Amino acid sequence: MKLTLSYTRNLLALACLAALAGPAMAQDNADTGAADAKKAANLETVTVTGSRISNPNVISPTPVSVLTAAEIKATGAVNIGDILTTLPQLATTFTMGNSTRFIGTAGVSFQDLRNLGTSRTLVLVNGRRFVGASAGDTAVDTNLIPADWVERVEIITGGASAVYGADAVTGVVNFILKKNYQGANLHAQFGSSEHGNFNKGIVSLTGGMNFANNRGNIAASVEHSDQDELMFPDRFGNKSYASILTPNGPYDSALYNNAGGYTNVAGGTFSTGSSTAINKRYVFNPDGSVRHQYFGGPYDNTGRCNDCDRLDANQVLQLQPKYKRTTISSVASFDITPEQHLYAEGTYSHVDVTKSGQPAFGSGASAYTITRDNAYMTPSLAAVMDANNLKSIKVARFDLDAGLRGEDTKRNTTRGVIGANGVITGDWEYDTSLVYGWTDETRHNLNNRIRDRFNASIDAVKDTNGNIVCRSTLNPNSVNPNAGGVLDPIALGGGCVPTSIFGAGAINPKAAQWFNTTTTTTSRLTQFVGGGTVTNNNLFQMPFEAGAASLATGVEFRRESSRQITDPLDVAGLTFLNAIPPSSGAYNVKEGYIETAMPLLSGRPFAQNLTFDAAARFSDYSTIGHTKAWRWGLDWAIDGNIRLRGTVSSAVRAPNIGELFGGQSQNYFTITDPCSVKQLKNAPNQAVRTANCQLLGIPAGWTSTNTATIGGISGSNPNLKPEQGRTWTGGLVFTPEFLPGFGLTLDYWNIKLTDAISAPSGSDIANHCVDSTTGINNVYCANALRGPDHELNFINSINQNISALSTSGIDLGTYYSHEIGAGKLGLNLDVTKVIAYTEHPFQDDPSNTVQYNGTTTLSGAFPKWKGSLRANYSLNNWLFNWNMRYFSSMLRVSNESYESNPYQTTPIRAGAGFFNDAKASYTFGKSGWQAYAGITNVFDRDPPVNLFGSGASSGIYDAIGRAYYAGFNYNF
C-alpha cells in the first residue's frame, strides 16, 4: 500500500514499527510510546518487512529492526554500507577497507546477517530484489543505494525464504526509499582524517513535484560520493610485525615489532643450503653485490625474524581504495483512479574504484632461478656460487621495482521497476510489478606480469659482442631455467628487454614496461523479476470476535544470468594473475507463495490480541528442481504492556551461478603444516593428529620447511544441491504504559544450516585431514596432496555440499525518549549476545567441529558481544548526536587450539572495540538551511596490534583513526 510522506503518517508508522518490531528509531521528532502506536491503527496500512500482509491489526511475529533516515544522517557516512556493518546483527565481512581482499570485489558492500555469509542474506529495495554486483553472485552492493534517498532500512533477523524466496536464509535487509517527494534539497559534506589526510565527501541534490492536480508525483535524486585511497605508511608509518617461534620462552611464539619474513625480501635473497639455514643465507646490496643476511634479533625455522634483513609487505598495504560513486535515482507514481495506481522506479549507478596491492614476487618453489652465466653476475655473487660449486641459485624477491599490481574497476548498474497496485473488488487488492536490472563491470588488472616475458628478461646473457641480451633472443629454442622448457613465442612477441634482479631498484624500467601489461576482464549480470500479489485483509471473521483473517498469495518468475569474459592472457595462465577461465551461466525460477494471518483472540483478559501467522513458498528452479520453504509464528499481546512472539521457519538457498558455473581456476594457499612437529599440540586432539600424520607416512619429529604458498585449484561444481536452513525465534516486546517513550525487545534466535556449500580454505583442508577421528580416508586428505618430501604440494578446494553451520544468540533492544530540561533526549540501544557459533566442516562427521564464537581468525571476526548506542538531544534549533559502538575481545586462534594449548602465542587475544562518534547540527529557523559538523572515532582508538582493517578478521576495527567532517543541507 502507498505510504505518504506527511509528517503525521510517517511519524506514526515509524512508531508502530518501533513498538512492534524493534527499538531502532530516532527520537528527536516525537515520542514513540504506546499512545502514538495506538493512533497508527487509524492510518493507512503499512507493510512491514517480513510479511506481505498489510493489515494494521495483524502484526508479524518476526523480529524487525529499523534504521531511520535521521539515524543514517547522524553518522555522517557517505556510503550506506559503512553504516550497516556497525549494527550488531550484521558482520563486517565486506567493509570498504577489506573489500579488496578478493579479485573484483574492491569497493563493494555485501551484507552478512549473523556472520553466516553474504549469499544467505537477501537485500531488497522497496520490498523487491536488486541486481547483483559481482559476477556469478546475486549479492547486492548496498553502497549503490544513495544514502540521502533512504527513508528507512528494515532488517528482519530470521529466516524469510517462505516470504521472499531463496537467499533469505538468515534474513532480509530492506531499503525503503523516498517517494511522493515535493520540493528540493541540496546536501554537501566534506571530511578528512587526522592521520594520513584521508579525505571523503558527498554532494546530492533531490527534488520532486506533484502534477495533474496532485494525482501524480515525480521525484529524482543525483548523488556523488568520493574518497581518497589510504595507504598503510600514511596511517601507521613503518610498523611491521611477525609471529616468531620462541621454544625457550613461556609461549611457543610471540608477535614482534620490526619483524617479517627473511626468505623473501625486496632486493632479493638466496641460500646456499636450506632456506632456513641462517649462516648460508645472502642478500643483494643495491649495487648487485651480495653479503650475508643480517640477523640481529630472534628468528625461527619458519622464515620469520626480528631486527633483520626482512620483507616489509605493510609498506604497500592499501587500507582504503580510491572510490567514486555517482547514483541517479527516480520515482514516479500516478493515480488513475482513487483505487488504481501506477508506479515506477529507476536507478543508475556508476562506480570507479582503484585498488593497489602487492607487486609480483618469487618465493619458495617459485623463486627465480639464476644461472652462473647470467650477464649481471657480480664478482661477489660469482665467488659465493663458485665456493659452493653452484651452477644456479634460487633468488626469492619481492619485486617492488617492477611496480605494484592493482585493479581499476568500473561498474555501471541500471535498474528499472514498473508496477501497478489497487483494488480488485471489495477487500481484494493487488500489487504487480516488473523489475529488470543489469550490472556491467570492466576491470583492468594493472601491472599484470606476463610470466614468459619476465622469465626471458631475467635470463640475460652476453652475445659475442659483449652486449647484454635475453638468452631467448640468441636462441629461441633454448630451455628457460624458470619456465622449465622453451618459452612461448606468442607470449614473448619479440623485443625482449633484459634486466637484472640483483638488489632493490635493479629492474630496468623498460624491461618492466615490456613484461608487464594491463589485462581486462568484463562481466555482465542481468536480473528479471515479474510477479504479483493479491491480498485480502478482511477474508473472513474469525471466531470469538477475534477479528478478520488476512491472506496474501502470489506468483513470481525470476531469471538471473551472469557472463564473465576473461582476458585471453589470463585464461591461458600466462600472467601472474593465475589461470582464470571465462564463465557464464543462467537460471530461472518459477514460484508460488501464500501467507495468512489469523487473529485467534482479541480483547480478552491476558489476551489483548493473539494471532497465528503462516507462510509457504513452492519453487521450481531450472538448475536444482523443486524446493519448498515454510514459516509459522504466533504473536500474543498479553495487554498493552507486554507482547510475546515466536516463529519457526524452514528456508532454502539455491546455489548461485558462480557456485555452479564459475569454472575452476588456479589458486595458491598459505598453510602452516599441521603435521609439523610444533603444530601437533595445537590440534583439538593431539593424539588423533599425531596418529593421522603417521598414517600419511610423515616421520616423528618432522618439521616443514616450506615457506611458500601452495598451488591448487578452487571453483565451481555443477552438481551442487540447495542448502537447507531451520530458524527458531522467540521473544517479547515491552512497552509499559506507565513509562511513555520507553520500549524494550528481547529475542532469542537459533539458526541451523545443513548441506552448506563451502570451499574450505587450504588451512581447513590440511587441518581437517589429520584431525578427523575416523582416520585419513576422508574428503580432506583426498584434497591435500603431499610430495615425496612429505610437504603439501597441491590443494583441491572446489564447492561442495559438505558442511553445516549453527549459531544462536539473544538480541536486546531498547529505546527511550523524554524531555530533559528545555530539550528532549532520545536513546537507542541494540545489543547482540552470540551464545554459540559452530561449524561442522564435514557434516557427516559430527565430532569434527570448529567453535568460532569469540574468535578473530582468517574466517572473520566473531565477537560474543556486540552493541551500539545512539543518543540524541534536541534543544531549540540544535541537535546533538552521540553514537557508540562496542564489541568484546576475541581470541586470535580457534577455541579448540586455545583449549589444547593456551600458551601457543602472545598476544593471544585481540582487544575489545569501543568507538565513539559525535555530531552537532543547527537549523537556521525557517530559512531552509542546516549546518552540521562531526567527529568519528572521537578518542582516536587504534586497532589491536597487527590488525589493520584490511582483512576478514580485522575489518571490524576502525583503521582510519579520528576524522572530522562538516556539511550543510538546504531545503528550497
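Only a predicted model underlies this, so the values are computations on that prediction, with no experimental measurement involved.
Side chains of T100 and Q318: no donor on one and acceptor on the other come within 3.5 Å. Between the side chains of E791 and S704, a donor-acceptor pair is found at a separation under 3.5 Å. If you check the side chains of S763 and N767, you find no donor sitting under 3.5 Å from an acceptor.
Ring orientation note: the planes of H790 and W702 are nearly perpendicular, at an angle over 60° on the 30°/60° scale.
S363 places no side-chain N or O within donor-acceptor distance of the main-chain N or O of A396, the cut-off being under 3.5 Å. Between the S954 side chain and the G949 main chain, a donor and an acceptor come within less than 3.5 Å of each other. One N or O on the side chain of S716 and one on the backbone of G663 form a donor-acceptor pair closer than 3.5 Å. At least one donor-acceptor pair under 3.5 Å links the side chain of S797 to the backbone N or O of P760. Listed for the D401 side chain is a donor-acceptor partner under 3.5 Å among the backbone atoms of G505. A distance-only check finds no donor-acceptor pair linking the side chain of N238 to the backbone of P233 [under 3.5 Å]. At least one donor-acceptor pair under 3.5 Å links the side chain of Q293 to the backbone N or O of Y262. With hydrogens and angles ignored, the 3.5 Å screen pairs a side-chain donor or acceptor of R235 with a backbone N or O of I960. At least one donor-acceptor pair closer than 3.5 Å links the side chain of N264 to the backbone N or O of R397. Looking only at distances, a side-chain donor or acceptor of D287 sits under 3.5 Å from a matching main-chain atom of S289.
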Would you please test I393 and M385 for side chain to side chain contact (heavy atoms under 4.5 Å, CB included) and show each step?
CA-CA 8 Å; I393 56 172; M385 294 181 68; 3.9 Å; yes
Candidate pair F270 and V290, rule side chain to side chain contact (heavy atoms under 4.5 Å, CB included), full reasoning:
CA-CA 10 Å; F270 67 95; V290 299; 4.0 Å; yes
Go through it in stages, so that I can follow the logic: the residues are L390 and R372, the test is side chain to side chain contact (heavy atoms under 4.5 Å, CB included), and I'd like the CA-CA distance, side-chain angles, deciding distance and then a yes or no.
CA-CA 8 Å; L390 297 174; R372 176 63 177 79; over 6 Å; no
Go through the steps to decide whether Q679 and T672 satisfy the test side chain to side chain donor-acceptor pair (under 3.5 Å), and finish with yes or no.
CA-CA 8 Å; Q679 296 301 317; T672 299; 5.6 Å; no
Apply the test side chain to side chain contact (heavy atoms under 4.5 Å, CB included) to residues Y323 and Q320: give CA-CA distance (whole Å), side-chain angles for both, the deciding distance (0.1 Å), then the verdict.
CA-CA 9 Å; Y323 181 87; Q320 293 277 316; over 6 Å; no
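The number of heavy-atom neighbours closer than 6.0 Å to CG of N467, taken from other residues, nucleotides and ligands shown, is above 12. In Y299, the OH atom is not crowded: 12 or fewer heavy atoms of neighbouring residues, nucleotides or ligands sit closer than 6.0 Å. In Y903, the OH atom is not crowded: 12 or fewer heavy atoms of neighbouring residues, nucleotides or ligands sit closer than 6.0 Å.
Shortest non-hydrogen contact noted between N482 and A367 is OD1-O, 3.9 Å. Summarising the geometry of P581 relative to G662, their closest heavy-atom pair is CG-O, 4.5 Å, with the distance given to 0.1 Å. Residues I507 and A402 share a closest heavy-atom pair of CD1-CB, 3.8 Å.
Taking the side chain as every heavy atom from C-beta outward, R453 and T517 never approach each other to under 4.5 Å. S953 has its side chain out of reach of T857: every pair of non-hydrogen atoms, C-beta onward, lies at least 4.5 Å apart. Side-chain atoms of D234 and N197, non-hydrogen and from C-beta on, never get closer than 4.5 Å to each other. In this structure the side chain of C675 reaches within 4.5 angstrom of the side chain of V770, judged on heavy atoms. For the pair L317 and S950, the minimum side-chain heavy-atom distance is below 4.5 Å. For the pair F669/I765, no side-chain contact is recorded, criterion being any heavy-atom separation below 4.5 Å from C-beta on.
For the disulfide bond (SG atoms under 2.5 Å apart) condition, the pairs that include at least one residue of residues 459-502, sequence neighbours left out, are C470-C496. Here ring pair (Phe, Tyr, Trp, His ring centres under 6.0 Å) pairs that include residues 446-492, with residues two or more places apart or in two chains, are Y368-F454, F454-F515.
The residue from K678, R786, R689 that alone fulfils the salt bridge (charged side-chain N to carboxylate O under 4.0 Å, His left out) condition with D673 is R786. Exactly one of N901, T246, T906, T905 qualifies for a side chain to side chain donor-acceptor pair (under 3.5 Å) with D252. That residue is N901. Checking each of V395, T269, T378, V265 against F284 for a side-chain contact (heavy atoms from CB on, under 4.5 Å) leaves exactly one that passes, namely V395.
Residues that satisfy the ring pair (Phe, Tyr, Trp, His ring centres under 6.0 Å) test with Y256, not counting sequence neighbours, are absent from this structure. C308 is linked by a side chain to side chain contact (heavy atoms under 4.5 Å, CB included) to F295, C305, R310, counting only residues two or more places apart in sequence or in another chain. Shown here are the salt bridge (Lys or Arg N to Asp or Glu O under 4.0 Å) partners of D570, two or more places apart in sequence or in another chain: there are none. Checked against salt bridge (Lys or Arg N to Asp or Glu O under 4.0 Å), D352 has the following partners two or more places apart in sequence or in another chain: K410.
Taking OG1 of T499 as the start and CG of D459 as the end, the distance is 12.5 Å to the nearest 0.5 Å. The distance from the CG atom of N445 to the NZ atom of K355 is 9.0 Å, given to the nearest 0.5 Å. Here the CG-OG1 distance, from L446 to T519, works out to 8.5 Å after rounding to the nearest 0.5 Å. Interatomic distance, CG of D789 versus CD1 of I698, reported as 10.0 Å (0.5 Å rounding). Atom OH of Y241 and atom CG of N257 lie 4.5 Å apart (nearest 0.5 Å). Here the straight-line distance linking atom OG of S275 with atom NZ of K280 works out to 12.0 Å at 0.5 Å rounding.
A salt bridge is defined here as a Lys NZ or Arg NE, NH1 or NH2 lying under 4.0 Å from an Asp or Glu carboxylate O, and D567 with R443 fails to meet this definition. Ion pairing between D373 and K462 fails under the 4.0 Å rule for side-chain N and carboxylate O.
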